[in-house]
Amino acid sequence: MQTNQIDYIPIAMQLLLAVGFVVTTIIISGFLGPKRHSKNKDKNFECGIESVGNARIPFSVKYFLVAILFVLFDVEVIFMYPWAVNFREMGFEGLVKMGIFMTLLVIGFYYVIKKKGLEWE
């Protein structure tokens with residue numbers, strides 16, 4: 001199958017339309033939106049609770065580690081869905097590949113547990 005540069009014009013048009021819509025909406029809302037500033041309106045507000053202290057306090061590295069591990073294992077679970085849908089077409093070879101994938105996943109999970117990456121202090 002041979003492709004030309006012309007085949008990509010609909011994709012470029014859709015991208016241009018989407019970006020143009022977003023930019024136009026932001027610009028128009030900036031012109032039409034209210035511009036009333038006051039000391040009370042410009043204060044930081046969080047869930048009805050008055051702000052106390054500095055917002056730049058450092059977070060524990062454990063928080064970020066748990067977040068990264070969640071994303072990592074979540075993405076690996078996402079890879080299992082297409083495999084389950086195409087299980088019959090992939091046959092035994094697909095089963096072996098998923099077995100290797102799951103083995104690596106379990107080894108990684110075991111490593112995280114051994115390093116106490118999921119424990120809070």
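Only this structure's heavy atoms are used, side chains among them; waters, hydrogens and symmetry mates stay out.
- The two residues Pro10 and Asp7 have their closest heavy-atom pair at CD-O, 3.5 Å.
- Annotation for Tyr110: hydrophobic cluster partners, listed by chain and number, are none (ILVMFWY side-chain heavy atoms under 4.5 Å, direct or chained).
- Met13 is connected to Ile6 through a chain of hydrophobic side-chain contacts under 4.5 Å among Ile, Leu, Val, Met, Phe, Trp and Tyr, so both are in one cluster.
- Thr25 pairs by the side chain to side chain contact (heavy atoms under 4.5 Å, CB included) definition with Phe21, not counting sequence neighbours.
- Taking Ile, Leu, Val, Met, Phe, Trp and Tyr as hydrophobic and joining them when side-chain heavy atoms fall under 4.5 Å apart, one finds Leu32 in a cluster with Ile28.
- Residue Tyr111 belongs to no hydrophobic cluster, having no ILVMFWY side-chain heavy atom closer than 4.5 Å to its own.
- Taking the side chain to side chain contact (heavy atoms under 4.5 Å, CB included) definition, one finds that Leu17 meets it with nothing, sequence neighbours left out.
- In the hydrophobic clustering of ILVMFWY residues, with side-chain heavy atoms under 4.5 Å counting as a link, Ile100 and Leu105 come out together.
- Annotation: salt bridge (charged side-chain N to carboxylate O under 4.0 Å, His left out) contacts of Glu89 (sequence neighbours excluded): none.
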Taking distance alone, no hydrogens or angles, what donor-acceptor pairs closer than 3.5 Å link side-chain atoms of residues 66-87 to residues at least two apart or in another chain?
| unit_1 | atom_1 | unit_2 | atom_2 | d |
| --- | --- | --- | --- | --- |
| Trp83 | NE1 | Gly94 | O | 3.2 |
| Asn86 | ND2 | Pro82 | O | 3.3 |

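- Pairs of residues two or more places apart, or lying in two chains, that qualify as salt bridge (charged side-chain N to carboxylate O under 4.0 Å, His left out) and include a residue from residues 96-108 are Glu93-Lys97.
- Applying the salt bridge (charged side-chain N to carboxylate O under 4.0 Å, His left out) test to every pair with at least one member in residues 107-117, sequence neighbours left out, gives no pairs at all.
- Note: the hydrophobic cluster containing Phe92 also contains Met102 (ILVMFWY, side chain heavy atoms under 4.5 Å, direct or indirect links).
- Heavy-atom neighbours of Lys39 NZ from other residues, nucleotides or ligands within 6.0 Å: at or below the threshold of 12.
- Residues satisfying the side chain to side chain contact (heavy atoms under 4.5 Å, CB included) test with Tyr63, not counting sequence neighbours, are Trp120.
- The neighbour count for Tyr8 OH, taken as heavy atoms of other residues, nucleotides or ligands under 6.0 Å away, does not exceed 12.
- Connectivity analysis of hydrophobic side chains (ILVMFWY, heavy atoms under 4.5 Å, direct or indirect) links Leu15 to Val19, Val23, Ile27, Phe31.
- Qualifying side chain to side chain contact (heavy atoms under 4.5 Å, CB included) partners for Ile107, counting only residues two or more places apart in sequence or in other chains: Thr103.
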